[in-house]
Amino acid sequence: MRNKYVVERLRPFGETIFATMTQRANEAGAINLGQGFPDEDGPAPMLEIASQQILGGNNQYSGGRGDLGLRTAVASDRHKRFKLDYDPDTEVLITVGATEAISASVLGLVEPGDEVIVLEPYYDAYAAAIALAGATRVAVPLKEEDNTWVLDTDAVHAAVTKKTSMIIVNSPHNPTGSVFSKRSLEALAGIARAYDLLVLSDEVYEHLTFDKVSHTAVASLPGMWDRTITVSSAAKTFNVTGWKTGWALAPAPILEAVIRAKQFMSYVGATPFQPAVAHAVAHEKPWVKQMRKGLQNKRDILTDALTQAGLKVHDSHGTYFVVADIGERDGAEFCFDLIDRVGVAAIPVQAFVDKPEQWSSKVRFAFCKQEDTLREAAQRLRAAGSL
Ligand code: PMP
Ligand code: GLN
């Protein structure tokens, strides 16, 4: 509904699809495979440390860049996994979730009137950040290939203009579950270098890859450390989406621009969670490995259930999500009907795109739920007969 008080820049954005679907699911008592959040806790020592921090009095503002222990743990993890060097004092910033890191990066680095390339389907927060910055979103669709989606680097190349200043890339990719190959990311990096573009690399699902597919850190590609802002968060790696603790890494002058915006958005994030996440980043890799294994199994349970219910299911090699094709029908109508008729909630992929035609038959299901919940969803889907 039109509301005259909402500034023009935000008028195209209603309530997020995640909020809408979660509310509908709760009202109908449906199993919520829409919004991507896990229903189990993260590693116990991490939870313990957060409680101790609160009870022990670590309850005031941290320094503006966030807890040094967490910044150091994040930098050292990047070094261990990718041989990338970031100075915890000047090149790592703790943010209120990856969401704030994304908004602050766009607001601090993109001028009004600039163009920002996003790969469609794109996570909804990118569009809002670009709009708030007074910039223009240029959506380039992914290409369907081998029952999944790949980067269409020719199309990205064709979309670059004199006004382009940033490309936002997200791998492992929400909503498709695609993990982009190193080779395709290298091609994207070549475009960024040739046209002197910044790359915002959203890597929140960096640890959630399956079938031995590995994650490529964009900043690790030749010539990319200098121009990449890498964003990630504790949410998906340690089952703490409600802690809203994330980070951005970039060379000092680039990060300085991100901080200029971030300091007035929240100043700092919640202090007591940060030492707990620092512990998890440094010491809970075995827990993450187990969780990833479990998640791959959950992906298989849900994929089988959707297939048995008569849907064509695309391959997912990462994230919390799998996309199904519903044929000739409209994804949004299908999702509302699924809540009421079957008692399962999902998200229409068209909520993440500018050009819905190509995507209207695609629906995203989240499998980051306990196996019992997934089996109950599978049972409901089967009982509904052919969807
Ligand atoms: N980017 C992507 C691709 C996401 O799916 C999400 C949702 N977790 C975010 C960013 C936001 O992460 P956070 O909850 O840490 O703000
Ligand atoms: N990242 C989650 C998803 O894609 C939702 C986060 C949110 O509700 N904004 O489902």
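Not measured: the values here are computed from a predicted model. One-based numbering, in listed order, for ligands and for the atoms of each.
Residue Phe321 touches ligand 2 through its side chain alone, judged by heavy-atom distances below 4.0 Å. Contact annotation: for Asp202 versus ligand 1, heavy atoms closer than 4.0 Å belong to the side chain alone. With a 4.0 Å cut-off on non-hydrogen atoms, Tyr320 does not touch ligand 2 at all. The side chain of Lys236, and not its backbone, has at least one atom closer than 4.0 Å to an atom of ligand 1 (non-hydrogen atoms only; side chain from C-beta on).
Nearest non-hydrogen protein atom to atom 8 (O) of ligand 2 is Gln35 NE2, 2.6 Å. What sits closest to atom 4 (O) of ligand 2 on the protein, heavy atoms only, is Asn174 ND2, 2.8 Å.
With rounding to the nearest 0.5 Å, the separation of CD in Glu111 from NZ in Lys163 is 13.0 Å.
Geometrically, ligand 1 and Ala98 share a nitrogen or oxygen pair separated by less than 3.5 Å. Looking at ligand 1, you won't find any N or O of Tyr123 less than 3.5 Å from one of its N or O atoms. Backbone and side-chain nitrogen or oxygen atoms of Lys244 are examined, and one is located within less than 3.5 angstrom of a nitrogen or oxygen of ligand 1.
Within the structure, the closest approach of Tyr205 to ligand 1 falls below 4.0 Å when heavy atoms are considered.
Side-chain contact, Thr245 with Gln274: no donor N or O sits under 3.5 Å from an acceptor N or O.
Aromatic ring pairs are classed by plane angle as parallel below 30°, tilted from 30° to 60° and perpendicular above 60°; the pair Trp287 and Phe238 is tilted.
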